[in-house]
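All figures in this text were calculated on a predicted structure; none of them were measured in a lab.
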Amino acid sequence: MHGYNRLGAVRTNGGSPPRSPRFRCGRSKSSSGSIGGGARQNLAEKLVVVVVSAVFRRRGVLLLAPLLYILGMLLYMGSLGFDINIQRIGRGGGGPQPPGSVYRSPQAFEKLWPFMEADSNETHNTLMSSWNPKKKQVWKPCISLTISQAGSQEFPDSNGFLIVEANGGLNQQRLSICDAVAVAGLLNATLLIPMFHLNSVWQDSSNFSEIFDEEFFIDSLKNNVKVVRQLPEDVLQQYNYNISSIVNLRLKGWSTPAHYLQKVLPKMKQLRAVRIAPFSNRLAQAAPSYIQGLRCLANFEALRFAEPIRLLAEQMVQRMVKKSIAAGGRYVSVHLRFEKDMIAFSCCEYDGGEKEKLEMDAAREKGWRGKFRRKGRVIRPGANRLDGKCPLTPLEVGMMLRGMGFDNTTSVYVAAGKIYEEEKYMSPLKLMFPHLETKGTLATPEELAPFEGHSSRLAALDYTLCLHSEVFVTTQGGNFPHFLIGHRRYLFGGHAKTIRPDKRKMALLFDSPGIGWEQFKRQMKDMLGHSDMKGVELKKPGSSLYTSPMPDCMCKQERRGSEYSSNTTILKISLSLRPLFLSHLPIKSHASEVKKRRRWKKKKKRKREKKVVRESLVGKGRWEEPLVVRKRTRTKGRGPRKRTNASPTTSAAMARAAGVPSPKLPETQSSYVESYMCIIA
């Protein structure tokens, strides 16, 4: 049928779409008769008639099915017609306010505070038993196995120099550095010490050596990736001693290793050096095992803070442990993201009124020029709070911890920048936890003076103190908690020991006027149990190994002594067999192959024992030919195996009868080439 007949044409006189020609003649009389008769139908009946007739009589309407489905999903999810309501909620409109869309935590605190004080007399503190010790398996770092076995390996000729520019804060720079190491290994390139870009928000002019230990970084990677502090003279002369003259390859985010081999490597070979700026999030999470191994090596082993930062951070940790002596040196660390820029970026509203609104608008304009004033951009504070996107206030963090069972004797370290309206918002937290410490209370002004004005160096101090705490609490997303969770898993046997609150549920709880203290405690303890259950979590497809280092960076080990579990996978990476540039194709042996190799070794060992015994007997003249040994023969066809009559005397029994001592065999040597080995579950 012609397309016009199937889909019809658009009429200009309104009404329903034109009917198919097949039914137009047959219905003309009835239609005219009904009009002449004066029968009237309401709008809903006409709409039903049109829809039913279209579905059953015209197949062309099926073309609209995808649009109808999308429309229904948008209506169901609340994306259509939701901005206006939420704008009313966030701006004090007259519409109804859904529970959890408005900040009412101070009212909840006033109601529950007497019960918190009463609970302070309890003898049990959750800090002593936060995590369940009953773990069937533990995870151990296994990067050190690769480092110790590569000392004799030599690099092939480099394909060129890789220059990257890391941007953002401390942990975004850390991400760029680790990915740069992985890319340099992939391309067989020489990596120049990464340069740091001055960020408009962080405003830190520190270079690599002022934050990280440069010498240790180069030495830790010397067996895997070559790193240099500056370009050689001939390359600088080629580009007139100006690094900015080197071609900048602007790559898309999360580029695959294949893209680097196809696009970047030819340019590097041609130009001798390439530059990638900015380099944040420029390598895909999914990569070959060797690339993941380089990421692990760079993040968990090669990157450590510069000596001034490291020494002061260690002293602060010791002071924090000393202040927590009543709890056995255990303390809670909280990453509190309640700075002005974080509140402004989240587009959330608290109880500051018009003054707060004007300050947040100014902060958004200063940090993200015009981003929040674009056409069609609607700020929805109520929706953000319901969706769990608002940073937790110090008051909310304190209520959560007290509900989980941490009493007022718990030592708490707060890792944060400059808290917005600090005197107002920090007072309730100090009331709930008198033993509260910050950088300013653990270190003297003279000790902190070299770090003032350098946010990345101050963040490095917070990172170290949070890393060694018994419990870490994250209140907002970002690179800081993501890297810290992975690092804690790497140090604590695979368990993050981290509380990740469900902020959607908490928004509803804090806005529940009828909630009681026992019910609130039950909800918080359930949240703590969920965080404990999620503490040991394997890396999922598409996720970051910096947050989930198992199984790429760690090895699973049963509690049965030091033997690895039988379902492990042995990954061997041989540097001596590397091609010029793609030198890291992993050689994997699965569990079945491991078992097969073990059986083969045992069989070979038995044969060698028999051979030694036979040679000993022959040498002493005690070997009688022919020696009858047990053997199996198979009959023709599919019949069963038959054994010949053989003497039950074994070679070991013969040796004992002859007085030959059991020989000491040499240790079995592996037939593999010298290689990196990492046992991965």
- Query: Parallel, tilted or perpendicular: which describes the rings of Phe208 and Phe212, with under 30° parallel and over 60° perpendicular?
  - Reply: tilted

- Report yes if some heavy atom in the side chain of Asp213 is under 4.5 Å from a heavy atom in the side chain of Arg310; otherwise report no. yes

- Message: Students often mix this up, so state it plainly: with edges at 30° and 60°, are the rings of Tyr425 and Tyr350 parallel, tilted or perpendicular?
- Response: perpendicular

- Task: Run the ring-centre check on Phe480 versus His335 and record whether the distance is less than 6.0 Å.
- Result: yes

- Side-chain ion pair, Lys322 and Glu437, N-O less than 4.0 Å: no

- Task: Determine whether Phe433 and Val397 make a side-chain contact, defined as any pair of heavy atoms from C-beta on separated by less than 4.5 Å.
- Result: no

- Query: Below 4.5 Å, heavy atoms only, C-beta onward: do Trp139 and Lys556 meet side chain to side chain?
  - Reply: yes

- Query: So do Val164 and Ser176 actually touch side chain to side chain, heavy atoms under 4.5 Å?
  - Reply: no

- When rounded to the nearest 0.5 Å, the distance separating CD1 of Ile246 from CG of Leu231 is 5.5 Å

- Item | Arg250 vs Pro278 side-chain heavy atoms within contact, under 4.5 Å | yes

- Evaluate the ring planes of Phe345 and Phe372, with Trp represented by its six-membered ring, and classify them as parallel (under 30°), tilted (30 to 60°) or perpendicular (over 60°). perpendicular

- Message: Is the ring pair Phe305/Tyr463 parallel, tilted or perpendicular, if the boundaries are 30 and 60 degrees?
- Response: perpendicular

- Task: Compute whether any side-chain donor of one residue and acceptor of the other, for Ser289 and Asp552, lie under 3.5 angstrom apart.
- Result: no

- Report yes or no: is the SG-SG distance between Cys348 and Cys390 under 2.5 Å? yes

- Tyr420/Glu359 under side chain to side chain donor-acceptor pair (under 3.5 Å): CA gap, chis, key distance, verdict: CA-CA 11 Å; Tyr420 176 68; Glu359 290 180 353; 2.6 Å; yes

